[in-house]
Amino acid sequence: MKIGFFDSGLGGLTVLKKCIQNCNLSDDIYYLGDTKNTPYGVKEESFVKQVIEENIKYLIDLGCNPIVIACNTATCLLISQLREKYKDITFIGTEPAVKVAADAHMNKRILVLATSITIKQEKLLSLVDRLDIKENVDLVAADKLVVFAEDINCKDKEKEVEEYIESILNNLDLNKYSHIVLGCTHFPLFTTNFYNVINRLYKDANIKIVDGAEGISKELNRHISSYNTSTKGLIHIVMTSESEAFKARAKEILNMDNLAFDYKLQ
Ligand code: DGL
C-alpha cells in the first residue's frame, strides 16, 4: 500500500507530520510538493486546477491510495471532481477547522485565515452557512505567509513574519474573537509567531489557534487501520522542480533525515 500526500509546497508537511505522530504509518509515503507552481492561492483558478489534476494523476499512477490532499486550496477547488473521476481512490481533503471553533460555542467571533482562492470558494462559504455562524466569521487572506514558509531563510525572517501577522490582526478588535482558524496548511508553521504577536499586543485576548491536521490524521487512521501491514515504509518527497531549499526545509519540518527525494519534472 502506498499513501499519497499532496500540497502546493511545504505546507502539507504539517499534515504529514501530524499523521506520522498519530497514525501507525507502516506503508510507503509519497509526498508531492508542487515546488514549480507554488504558491497556488494567488494564481488563476483554471491554471491551478490544471496543475492539481496533473499532480494527483501522478500520485495515482504511482499506485497511491488513499491520497491526502494536504492543501485547503486544492481541496476546495477540486476534491469533488476528483472523487467523481477516480471512484476507486479514497481522497482525504483538508478544510479549515471552522467546525472545531464553532463547536467550542464561545459566542465570540472566529477569524479564518486562508489563501485568496480558498476564502472565496463555495465549499468554505457553504460550510459557514451550514454551521449557521455567518454573522460571527471573518474570512481573511494571508497569502504572504505561504511565500515566507517556502523561503529557505524563513528562520531569519521571524520579525518580518510577525510584522505581517500584526498588520492583519491590527485591523480587528481581537478581544471579540475566540479562535483563529489556520485555513492553509502552510500557516501552522507560524503558530508560535501568531501567539508571540497576540501575547505582545493583545495580552487580554483569550484566543485559541486551530488547524485541521488533527482531524485529517483521525480520518486517515480510519482508512489505514483496516489494512494489516507490518514493514516500515519509506517517506519519499517528490518535487516538481529542483530545489535544495525544499529538501532542507522538509528535513527541518519533519525533523527527519531518512527521506528519499525524487522529482516529477513534467
Ligand atoms: N498549503 C496550501 C493550502 O492549504 C496552499 C497554499 C498556496 O499554495 O497558496 O491552501
Side-chain angles (χ1 to χ4, degrees), residues 4-19 31-56 59 67-80 82 91-100 111-125 127-128 139-151 154 161 164-165 168 180-191 193-194 209-217 219-220 237-241 243 245-246 249-250 253-254:
F5 280 78
F6 169 66
D7 182 44
S8 67
L10 289 159
L13 292 173
T14 61
V15 177
L16 173 57
K17 190 172 182 172
K18 186 61 82 181
C19 291
Y31 178 97
L32 175 57
D34 193 357
T35 45
K36 184 175 163 204
N37 298 304
T38 195
Y40 283 171
V42 288
K43 299 208 167 99
E44 266 303 313
E45 281 183 28
S46 54
F47 170 77
V48 175
K49 280 185 181 170
Q50 183 204 321
V51 291
I52 295 168
E53 281 240 43
E54 287 165 16
N55 287 322
I56 295 295
L59 288 174
I67 294 176
V68 178
I69 304 187
C71 173
N72 294 262
T73 309
T75 301
C76 66
L77 276 179
L78 222 61
I79 197 161
S80 309
L82 291 169
F91 291 103
I92 298 171
T94 307
E95 275 184 32
V98 184
K99 192 171 182 314
V100 176
L111 171 63
V112 181
L113 296 177
T115 65
S116 292
I117 286 185
T118 301
I119 59 167
K120 25 177 231 258
Q121 291 311 306
E122 192 47 41
K123 202 162 171 47
L124 176 57
L125 302 179
L127 173 66
V128 168
L139 306 175
V140 176
D143 296 291
K144 215 171 148 188
L145 286 179
V146 178
V147 180
F148 279 125
E150 295 290 327
D151 189 334
C154 181
V161 168
Y164 178 63
I165 292 172
I168 293 171
I180 296 178
V181 176
L182 302 181
C184 166
T185 54
H186 282 74
F187 298 175
L189 293 169
F190 301 114
T191 301
N193 301 98
F194 272 98
I209 298 175
V210 291
D211 64 69
E214 184 76 30
I216 297 167
S217 69
E219 178 70 9
L220 179 61
I237 305 284
V238 186
M239 295 157 272
T240 55
S241 61
S243 170
F246 195 87
R249 293 276 289 139
I253 292 166
L254 291 178

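Numbering of ligands and ligand atoms starts at 1, following listing order.
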message = Distance under 4.0 Å to a non-hydrogen atom of Ser8: what atoms of ligand 1 satisfy this?
response = 5 (C), 6 (C), 7 (C), 8 (O)

query = Where does Thr73 meet ligand 1, judged by heavy-atom distances below 4.0 Å: at the side chain, the backbone, both, or neither?
reply = both

task = Before signing off on this row, confirm whether Gly11 and ligand 1 have an N or O atom pair separated by under 3.5 Å.
result = no

query = Who are the side-chain hydrogen bond (donor to acceptor under 3.5 Å, both in side chains) partners of Asn193, not counting sequence neighbours?
reply = Glu158, Glu162

query = So how far is it from Glu150 CD to Leu189 CG, rounded to the nearest 0.5 Å?
reply = 9.0 Å

note = ligand 1 to Asp7, heavy atom cutoff 4.0 Å, flagged ligand atoms 1 (N), 2 (C), 5 (C)

ask   = Residues in salt bridge (Lys or Arg N to Asp or Glu O under 4.0 Å) with Glu95, at least two apart?
value = Lys123

Heavy-atom check, side chain of Ser8 versus side chain of His186, under 4.5 Å = yes

request  = Could you tell me whether ligand 1 has any atom less than 4.0 Å away from a heavy atom of Cys71?
outcome  = yes

ask   = Considering only heavy atoms, does Cys184 approach ligand 1 within less than 4.0 Å through its side chain, its backbone, both, or neither?
value = both

task = Would you indicate whether Lys43, at its atom NZ, is surrounded by more than 12 heavy atoms from other residues, nucleotides or ligands within a distance under 6.0 Å?
result = yes

request  = Considering the heavy atoms of Asn72, write down every atom of ligand 1 situated less than 4.0 Å from one of them.
outcome  = 3 (C), 4 (O), 10 (O)

message = I'd like to check whether Thr118 has a polar contact with ligand 1, where a contact means an N/O of the residue lying under 3.5 Å from an N/O of the ligand.
response = no

query = Would Glu44 and Gln50 count as having a side-chain donor-acceptor pair, cut-off 3.5 Å?
reply = no

query = For ligand 1, does Asp143 get within less than 4.0 Å through its side chain, its backbone, both, or neither, judged by non-hydrogen atoms?
reply = neither

